[in-house]
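Every chain is numbered from 1 and lettered A, B, ... according to where its sequence line falls, protein lines coming before strand lines.
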Amino acid sequence: MQRAIALVDCNNFYVSCERLFQPRLEGKPVVVLSNNDGCVVSRSQEVKDLGIKMALPWYQMKDVAKRHGIIAYSSNYALYADLSNRVMSLLSQFSPQQEVYSIDECFLELTGMESLGKLSDHAQRIRQTIKQGVGIPVCVGIASSKTLAKLANHVAKKQAHYNSVCNFNEMTEVERDVLFANIEVGEVWGVGRRSSVRLHEMGIHSVLDMQRVSPKRIRDEFSVVLERTVAELNGEACLELEDIVPDKQQIICSRSFGSLVSNLPEMEQAVVSYATRAAEKLRSQHSLASGIQVYIRTNPHKEKDPQYQQSILMPLAEPSDDTRHLCHAALQGLRQIYRSGYAYQKAGVMLTDIIPASARPRTLFDDVATQMRSHALMSAMDAINRRMGSGTLKLLAAGVSQNWAMRSGNRSPRYTTEWGEIARCNAI
DNA sequence: TCTGGGGTCCTAGGACCC
DNA sequence: TCTGGGGTCCTAGGACCC
């Protein structure tokens, strides 16, 4: 039986989320910026049409934004995450097997569902359901492997006559060849900028070229990863749907500062804040970490300023999920690598050697009473912060004024997750 | 003034062991 | 004269993704 995998991808997801609550943005050029209002991470079609590239720094496009009346929003992850959950939940009705691949896209297994009629018609019903139920526009690509499904989605998005749905399985080989010959190889999932350049040098320019290249040659010149991509392009499904989300093997929390930091006390506040957040993520997947890595750096874009970056891995005496232990280790690490005389732009922490909490190693000398008190305290903190808002209860070491905190100049209200910011309907 | 954050997988190379 | 070969584990770094 022909394998049928769908990739459902939200259009301009963050921008679509903003428009949902502010319909006046419809038809206008809109962008959403990364943390710190750094660069563009989501663009409306109007902005794409202006030729503005993804990840362009905001300060570099302020002039063009002014000329064209581009409206910029700071990112509002609480809103996007909530709407994403609604989309994914609705999509789960359409297949027994769903892999949520990112905040705005998921794979659905549709193999064998041809009995429902043409799969492209089915995909149109999926689109209508999401549009009606959440209000977010999506495109659907269908094919016999994940890499091809991604490509089909790309076609559905770019070529208007497909009406937002493209099913390679419903096309003849000749039709596909014509299509593939006209798509740049760099559009393929797994072919990044570096590989793209090298492939071009080898004379492989289009998706069709890539499909027909000898897998062995790709393996020798690149890696097994890209060799799999070639197989996937030929309809051989090498990548399975991963419907069970595995625990994270590393948990990172890092952020650029709103303004440069040149003193240890503020760096300490930032590192404690990040370690606190990382510990929350760790507990939410019921895991323990045995190490915490701390990382600091100056601004590499300021070439004239003295540059410094350093990281250090701090092993913990025993695996833990206690914010206090993790922060303590992180601070010790920070003090070892911190050098005065630099203007720091960013710090981060990474939890490593993560194990399930149920696999905590036991010893004869375990202080079970302390472990239980720690667990009770962390559970209470998490419950309060969930209910009253993140950061309601925190370590004093995280600082109160937080002068280094990120900029977020134009964030929309958290319409769906904060009582105080909920959307209002005014009767006239 | 101003350039994101969070992940995964693979590979190469060194240390170490027998 | 002549100094192996294979395996594992760890780490750093690269490439890619959204």
>> Heavy-atom nearest nucleotide on DNA chain B for A/Tyr77 versus A/Val225: which residue maps closer to 5'?
In response: A/Tyr77
>> With nearest nucleotide decided by heavy atoms, which residue, A/Tyr14 or A/Lys281, maps closer to the 5′ end of DNA chain B?
In response: A/Tyr14
[atom1]/[X]: more than 12 non-hydrogen atoms of other groups inside 6.0 Å:
X	atom1	value
A/Arg194	CZ	no
A/Lys48	NZ	yes
A/Gln93	CD	yes
A/His200	NE2	yes

Is there a donor-acceptor contact under 3.5 Å linking the side chains of [X] and [Y]?
X	Y	answer
A/Asp82	A/Thr416	yes
A/Thr392	A/Arg387	no
A/Ser120	A/Asn167	no
A/Ser95	A/Gln98	no

> Looking at DNA chain B, which of residues 287-324 of chain A put a heavy atom within less than 4.0 Å of it?
Replying inline: A/Asn299, A/His301, A/Lys302
> Of the residues in residues 235-257 of chain A, which ones touch DNA chain B at a heavy-atom distance under 4.0 Å?
Replying inline: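 When residues 235-257 of chain A is checked for heavy atoms under 4.0 Å from DNA chain B, the hits, listed by number, are A/Lys248, A/Gln249, A/Gln250, A/Ile251, A/Ile252, A/Cys253, A/Ser254, A/Arg255, A/Ser256.
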> Quick one: do A/Glu109 and A/Arg3 make a salt bridge, cutoff under 4.0 Å?
Replying inline: yes
Can you list, pair by pair, the side-chain donor-acceptor contacts under 3.5 Å of residues 249-256 of chain A, counting residues two or more places apart and other chains?
none

> Stem ranges for DNA chain C, with three or more consecutive Watson-Crick or G-U pairs under 3.5 Å?
Replying inline: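 Ordered by first number, the stems with DNA chain C (at least 3 consecutive pairs each) read B:5-18 with C:5-18.
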>> Let me confirm one number: the CG-OG1 distance from A/Leu91 to A/Thr129, rounded to the nearest 0.5 Å.
In response: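 Result: 8.5 Å between the selected atoms.
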> Side chains of A/Val224 and A/Glu227: does their closest heavy-atom pair fall under 4.5 Å?
Replying inline: yes
> So what does A/Asp37 touch, heavy atoms closer than 4.0 Å: a base, only the sugar-phosphate, or nothing?
Replying inline: nothing
> What is the ring orientation for A/Tyr14 with A/Tyr80, classed by angle as parallel under 30°, tilted 30 to 60°, or perpendicular over 60°?
Replying inline: parallel
> Quick one, which residues of residues 183-212 of chain A touch DNA chain C with a heavy atom under 4.0 Å?
Replying inline: A/Val188, A/Trp189, A/Gly190, A/Val191, A/Gly192, A/Arg193, A/Arg194, A/Ser195
> Going 5' to 3' on DNA chain C, which nucleotide is the first and which the last to come under 4.0 Å of a heavy atom in chain A?
Replying inline: C/dA15 to C/dC18
> With respect to A/Tyr338, which candidate in A/Tyr308, A/Tyr295, A/Tyr344 satisfies the ring pair (Phe, Tyr, Trp, His ring centres under 6.0 Å) definition?
Replying inline: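 So, applying the ring pair (Phe, Tyr, Trp, His ring centres under 6.0 Å) to A/Tyr338 and each of A/Tyr308, A/Tyr295, A/Tyr344, only A/Tyr344 qualifies.
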